[in-house]
Every structure is written in C-alpha cells, then in structure tokens.
Amino acid sequence: MIRIMKYGEEPNEKIFARTVPTVNVEAIVADIIKNVRENGDKALFEYTKRFDGADLTSLEVTKEEIAEAVGKVDPKLVAIMKKAAENIRKFHSRQVRNSFILNDTDGVVVGQKIIPVDRAGLYVPGGTAAYPSTVLMDSIPAKIAGVGEVVIVTPPGKDGKINPVILAAASVAGVDRIFKVGGAQAIAALAYGTESVPKVDKIVGPGNAFVAEAKKQVFGRVSIDMIAGPSEILVVADGTNDPRFVAADLLSQAEHDKMASAVLVTDSAELAEKVSAELERQIPLLLRADIARASIDVNGKIIVADTLDAAIGIANEIAPEHLELSVDNPFDYLDKIRHAGSVFMGKNCPEALGDYFAGPNHTLPTSGTAKFSSPLSVDDFIKKTQYTYYTRDALKRVADDVASFAEAEGLTGHARSAVIRTEDDD
C-alpha cells in the first residue's frame with residue numbers, strides 16, 4: 001500500500017527519499033563496447049543470438065519488411081500515429097533556431113551558424129513493451145532540425161523481426177534506416193560504426209541499465225541526449241479532485257517499471273486517503289499489475305502539505321519528469337513551477353496525452369535532473385558554429401586592447417599576433 005506522509009512532521013530525508021536501482025553493469029558494458037569496436041557485425045550477430053534469441057544473417061531492415069509490417073498494423077492505429085506526428089511536428093517546428101549576423105560596427109562582422117548534425121541514432125526499446133511513440137518523439141525533431149540521416153536501432157524478436165508497430169511508426173516519421181540490434185551493443189555500434197551500422201554523431205532514446213551505461217561510456221565519442229532513469233509522475237492536486245482520476249494518473253507511470261516513482265502532493269488529507277483506497281482497487285485491473293504493485297510499494301508516496309503553495313514547493317524540490325497540476329486554475333500556478341520536465345495543466349490533462357499525442361516531447365529529464373536539463377527538442381540535433389571578420393582598420397582600433405588582455409594572461413604570442421598586423425610597413 002502507498003505511504004501517506006505529512007509534510008513538516010516527517011524528516012525531509014524521508015519525504016524526498018527514493019529507492020534507485022544499484023545494479024553495477026559498468027564492466028559488462030565496457031567489454032561489450034570493446035568487442036563491438038574490435039569485431040563489428042560479428043559481435044552484433046553473436047549478441048543478438050545470445051540476448052534476443054534471433055539468429056540473423058543481416059542487420060538492416062529492408063523496405064520490403066517495412067511495407068509488410070505496415071500492412072499488418074491496424075489502419076486505425078496508423079491513422080492515429082499520423083495525427084500524433086502532425087501534433088509533434090507542429091510543436092517542434094516552433095523550436096527551430098535561426099542563424100544570425102551582426103555587422104553594426106564598421107569593418108566588423110560576427111555571426112553564428114545553426115548546423116544540424118550529419119547523422120543521428122535513435123534507440124528504441126524492445127522487450128516487455130513496444131514504444132512506437134518513442135519513434136515519433138525522437139525522430140521527428142531530428143527531421144525538423146535537418147539531420148541528414150536518421151537511424152533507428154531496436155532489438156528483434158526471436159523470429160528475427162521487429163515489432164510491426166515500430167516499423168509503422170518509423171515509416172510515418174520518415175526514418176531513413178533501421179537496424180535489428182539492441183542493448184549496449186547497439187549503442188556501441190552507433191558510436192563506433194560497424195560494417196553494417198553507420199557511426200552517428202548523436203545518440204538519443206531511453207533504454208535499460210545496460211543501454212544507459214553504454215551511452216555514458218561512449219559520451220565524448222558521440223553526443224547523447226541524457227541518462228534516463230525510471231519513469232516518474234508527481235501530481236499536485238487539491239481536495240476537489242476525483243480520487244479515481246488521480247489514482248489512474250499515478251498508475252499510468254507506475255505500470256512502466258517496478259522502480260518507477262508515483263507521487264501525489266495534496267493539501268487534502270481526505271483526498272490522500274481516498275486516492276490510497278482507489279489505488280488498491282485499480283491496481284488489480286491493470287495488465288501490468290505486478291509491475292505497478294511493486295512501483296507503488298517501493299517508490300509510491302502521498303505527501304500531505306498545508307497549502308497548495310507548499311505542495312508546489314515540494315514539487316520543485318523533487319523536480320519530477322512529469323508534473324500534473326490538477327487544480328481548477330492551473331495557469332495561476334504555472335509561473336511558480338521551476339523544476340519539471342513537462343507540466344500537464346488542469347484536471348482534464350492526464351500525462352498520457354503527453355506520452356502519445358499532444359505534441360510536446362515525452363523524452364524528459366528524470367531523477368531530479370529537471371533542475372538543470374530539458375526535454376528532448378530540435379536543439380538536441382543541431383550545433384552552432386560562430387565566425388568573426390575584421391578589416392585591417394577595425395583590427396587597428398582594438399589591437400592594443402587585445403594585446404593588453406593577452407599579456408595579462410602571460411600569453412605574449414597572442415598579443416603579438418594582434419599587433420603585428422597593425423604595424424606600419426617599412
């Protein structure tokens with residue numbers, strides 16, 4: 001059963017505590033990366049057979065396989081994915097940055113170019129569930145950014161095939177290439193390249209502990225989006241909420257992972273008790289009831305605060321991945337929210353809208369990292385190059401200033417490179 005705690009009566013260490021996985025996979029992942037670097041496709045085939053039970057002779061998904069898969073998916077679901085993709089495009093199109101140039105000083109031009117990365121790799125989890133929503137959320141911003149080639153890696157089933165809904169989503173999103181490989185070995189392949197899998201410049205997407213560790217180890221060789229932890233939801237709700245809705249929203253994240261975190265912060269002790277009872281009623285109804293049960297028992301909690309302002313202060317301290325602001329006038333409180341990956345406003349805005357359909361991205365910072373990081377966006381797939389131009393006369397005006405600054409740092413070579421150009425010819 002979920003724990004109910006009164007803020008101010010329990011120590012803060014208990015209020016803000018969270019059980020996190022402690023599996024150490026660093027050495028295992030390092031060995032996998034080394035093997036893939038040295039043996040390329042051969043290592044990928046071996047790992048795919050060992051971990052996924054699939055005996056492959058080729059890694060890349062063919063156009064024929066994609067067409068066959070799309071034909072197997074319910075046309076209604078494909079139509080829904082197309083609607084979701086349009087919402088995602090509409091939202092992320094507003095994130096596009098423009099290059100700029102400044103030339104308001106005589107003889108001086110400075111500027112910045114926005115350049116998409118050449119190739120991006122997207123990790124799409126397999127295993128206990130298929131996530132076509134991840135395909136849309138991670139690939140569409142890359143396409144909007146202008147990435148030259150968008151590549152997906154995802155583990156196959158024992159039959160050597162990719163889940164059809166994953167391939168259908170990739171088709172809707174316009175993904176360029178798809179490879180049948182998962183786990184740490186897929187991250188290694190994207191980071192270093194193999195005979196089949198091309199090296200990428202950026203790797204994004206969620207995964208298990210092995211995938212997260214692999215992303216950590218290859219960072220620097222390539223860029224990554226973030227190291228994602230288990231899913232999180234925090235609901236700030238006043239006493240006028242329907243406890244059935246609040247419980248359902250908490251379970252929407254609890255069913256993801258046994259280590260997921262579902263937290264309610266409320267100013268109503270009565271709502272706290274009703275939500276607790278409702279959780280017990282709803283958990284057995286879920287297909288993934290055992291996962292949700294473990295999540296609620298390990299990381300679930302209800303925190304009772306004196307006021308809604310205090311509840312928002314608690315939410316800011318936790319800095320959740322998903323924050324539901326379940327009150328009648330949510331925009332009155334929005335400016336008070338400082339730390340959250342994505343905020344869902346009002347009583348009719350379940351987090352599931354963000355996972356699938358509304359448009360804002362669902363790849364979000366977890367484990368309190370919303371205090372200093374942001375959702376996946378078009379910005380993740382671009383880089384900036386700046387440039388400077390000075391005429392000789394413009395340089396002469398500032399050469400002594402540049403030289404003085406350089407000399408203050410003991411760098412006389414820097415100083416000389418500025419003044420030598422401004423000396424009169426003999």
Donor-acceptor contact present, side-chain Asp138 to main-chain Leu122, <3.5 Å: no

Tyr47 and Asn35 side chains, donor-acceptor separation under 3.5 Å: yes

Does a donor on one side chain and an acceptor on the other come within less than 3.5 Å for Gln253 and Glu351? yes

Any chance the side chains of Thr240 and Lys347 put a donor and an acceptor closer than 3.5 Å? yes

Take Asp380 and Lys202, measure what side-chain contact (heavy atoms from CB on, under 4.5 Å) needs, and give me the verdict at the end. CA-CA 8 Å; Asp380 283 282; Lys202 179 98 182 201; 3.4 Å; yes

Between Ser326 and Asn241: side-chain donor-acceptor atoms closer than 3.5 Å: yes

Not counting sequence neighbours, which residues clear salt bridge (charged side-chain N to carboxylate O under 4.0 Å, His left out) with Lys82? List them please. none

Can you check whether Ile33's main-chain N or O pairs, donor with acceptor, with Gln217's side chain at less than 3.5 Å? no

When rounded to the nearest 0.5 angstrom, what distance separates CD in Glu409 from OG1 in Thr412? 12.0 Å

Note: Asp379 and Arg97 closest approach over all heavy atoms is OD1-NE, 2.9 Å

Test item: Thr369 side-chain N/O and Thr366 main-chain N/O as donor-acceptor pair under 3.5 Å: yes

Between Asp238 and Thr266, do the side chains contain a donor N or O and an acceptor N or O under 3.5 Å apart? no

His256 vs Tyr131 aromatic rings, parallel, tilted or perpendicular, using cut-offs 30° and 60°? tilted

Okay, side chain of Thr48, backbone of Phe45: is any donor-acceptor separation there less than 3.5 Å? no

So, Ser276 side chain and Glu273 main chain: donor-acceptor pair closer than 3.5 Å or not? no

